[in-house]
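Proteins come first, then strands; the chains are lettered A, B, ... in the order of their sequence lines, and each starts at number 1.
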Amino acid sequence: MTNTKHVQVLENMLDANDYVANGLRAEWDARHILAVNLLSSPGSGKTTLLEAALPWLCPKDRILVFEGDIETERDAERIRSQGIDAFQITTGGTCHLEAHMIEQAWKLSDRQQPLDFIFIENVGNLVCPASFDLGEHVRVVMVSAPEGDDKPAKYPKAFRTADAFVITKSDMLPYTSFSVERAIREAKQIQPNLKVFVLSAQNGEGVQEWRDYLLEQRRLRFPEA
Amino acid sequence: MHEVSIIEDLFDRLDDLAREHGADRIESITLDVGEFCNVVPELLESAFVACRPFRARVTEATLIIRPVPLEVACDDCLSRYRPDGYRFTCAHCGSPRVRVVQGEEFLLRDVGLVCDMAEPEPAIQGDGALR
C-alpha cells in the first residue's frame, strides 16, 4: 500500500551557490573590500590586464587575487611576481568557478589582512561562469580584438549579467575586422547599463580609465571607507 | 551547463526532502527551466535518465520540465512582451529600462513523494478466530 503526497518546494536550483556567494559579499562589504569577477574566453588577456592595472591601483598589499584555471599555477605566479598576493584555484576539470571554491580559498588566505580589492579571474569560458555568483560587487566581461565583435550576441548571459565590458588588445584593432561600434551596440542591446572600456595592456591605452572606474566603484560602494 | 552535476545535486536535495517528509521514494519531480538560464532541457532529461538507476529513491521517478519562455517588461512604456532574441532594449519605445519578468529561473517547483506503508494485519485470522 502506498501513500503519495505532493510537496511544493519552489527552490532555486542554484540556491546553494547563491547562499555562499551572499555570505562572502556580506563579509567583504563589512570589510570595505570591493570584489571584482573577470569573465572571458581563454586568452583574452585577463591576467595581462591585472598585471598592467593592479600595481598602480592602490598599495599592492591591499589587493588579493584568486586565479581560476583547470590546471597550473602559472597565472597566480605571474601576479605574485608583481608583488601582489595571489591564490590559485585549480578546478581539475570544472570549467567555471563556484562560490564554494572562492569560500574555501578565502578561508585559506590571511583573512585578517586589510584589503581594498579582491580580484577573481574566472576560468576562461564565456558560458558557464555567467551563471555563478561568486560574491562579487562588479562583474567584468572581456573580449579581445582578435576574437571578433560578435561575442556579445553569441554569449548573451555573460553580457547580461555584467557591469562592465572591456575590449582588450586595442593595439591589434588595425589588424583585425573587429568593429568596436558593433560590439558595443550589440552588447548594450543585451545589457544597456554596461560601462565600456577599450584598452591595451600592452601599450597602456585606456588602462587608467579602467583603474579609475574600479576606484570609483569602491568609493560608491563604501563612501565611508 | 553541467546537466549531470545538476541532476546529482538534485538527487541529494530529493534525499533531504524524502527524509524530512518520511517518504521512501520519489514519484515525480517538476522543474521550471527558464529559456535564459543556460540549462538545456533535453540534456537535463538525458542526464536524469542516465543517473536515475543509480539512486535508490528515484529509480521510478518521472521528471517533468516546464519550460519558461523569456518575457520582459519596460518600465517606461509598460509594455510586456517576449523579446526577439536576447535584446533588452524595449522593442516598442527603445528604452533601456527593461527588466526580465520571467525566463531566468531554474526552479525545483514540486516533488511527488511516496511512502510505502506496511499492509495492516487482518483483525480475523484464517481460522475465523478473533484476535
Just verifying a value: how many Å separate [X] [atom1] and [Y] [atom2], rounded to the nearest 0.5 Å?
| X | Y | atom1 | atom2 | value |
| --- | --- | --- | --- | --- |
| B:Leu107 | A:Glu11 | CG | CD | 8.5 Å |
| B:Ser5 | A:Glu98 | OG | CD | 7.0 Å |
| B:Leu113 | A:Thr2 | CG | OG1 | 12.0 Å |

Between [Y] and [X], is there a side-chain heavy-atom distance shorter than 4.5 Å?
| X | Y | answer |
| --- | --- | --- |
| A:Leu10 | B:Arg109 | yes |
| B:Arg87 | A:Glu186 | no |
| B:Leu31 | A:Met13 | yes |

| message | If you apply the rule side-chain contact (heavy atoms from CB on, under 4.5 Å), what do you find for A:Val7 with B:His21, and how did you get there? | response | CA-CA 9 Å; A:Val7 174; B:His21 292 273; 3.7 Å; yes
| note | Here the pair of heavy atoms bringing A:Pro192 nearest to B:Phe88 is CG-O, 3.6 Å
| said: Please give me the minimum heavy-atom distance between A:Val9 and B:Leu17, naming the atom from each residue. | reply: CG2-CD1, 4.0 Å
Chain A contact via [X] - side chain, backbone, both or neither, heavy atoms under 4.5 Å:
| X | result |
| --- | --- |
| B:Ser28 | side chain |
| B:Glu105 | neither |
| B:Arg97 | neither |

| task | Start with the C-alpha distance between A:Val127 and B:Asn38, add both sets of side-chain angles, then the distance that settles side-chain contact (heavy atoms from CB on, under 4.5 Å), and finish with yes or no. | result | CA-CA 8 Å; A:Val127 184; B:Asn38 260 9; 4.1 Å; yes
| task | Assess A:Lys157 against B:Phe36: is NZ or CZ under 6.0 Å from the centre of the six-membered ring, and within 45 degrees of the ring's axis? | result | yes
| remark: Per-residue tally against chain B (heavy atom, under 4.5 Å) across A:Ala16, A:Pro156, A:Ala130 peaks at A:Pro156
| said: Let's test your reading of the structure: which of A:Ile190, A:Thr94, A:Asn12, A:Asn193 forms the most heavy-atom pairs below 4.5 Å with chain B? | reply: A:Ile190
| message | Let's go through A:Arg160 and B:Val100 carefully: what are the C-alpha distance in whole Å and the side-chain angles of both, what is the deciding distance for side-chain contact (heavy atoms from CB on, under 4.5 Å) to 0.1 Å, and is it a yes or a no? | response | CA-CA 11 Å; A:Arg160 179 68 188 166; B:Val100 173; 4.0 Å; yes
| Residue, of B:Leu108, B:Thr89, B:Asp110, B:Val114, that accumulates the most heavy atom pairs under 4.5 Å with chain A |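 Maximum pair count with chain A is reached by B:Leu108.
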| Results of side chain to side chain contact (heavy atoms under 4.5 Å, CB included) for A:Ser170 - residues two or more places apart only |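 So A:Ser170 forms a side chain to side chain contact (heavy atoms under 4.5 Å, CB included) with A:Leu173, A:Val198, A:Ser200, A:Glu205.
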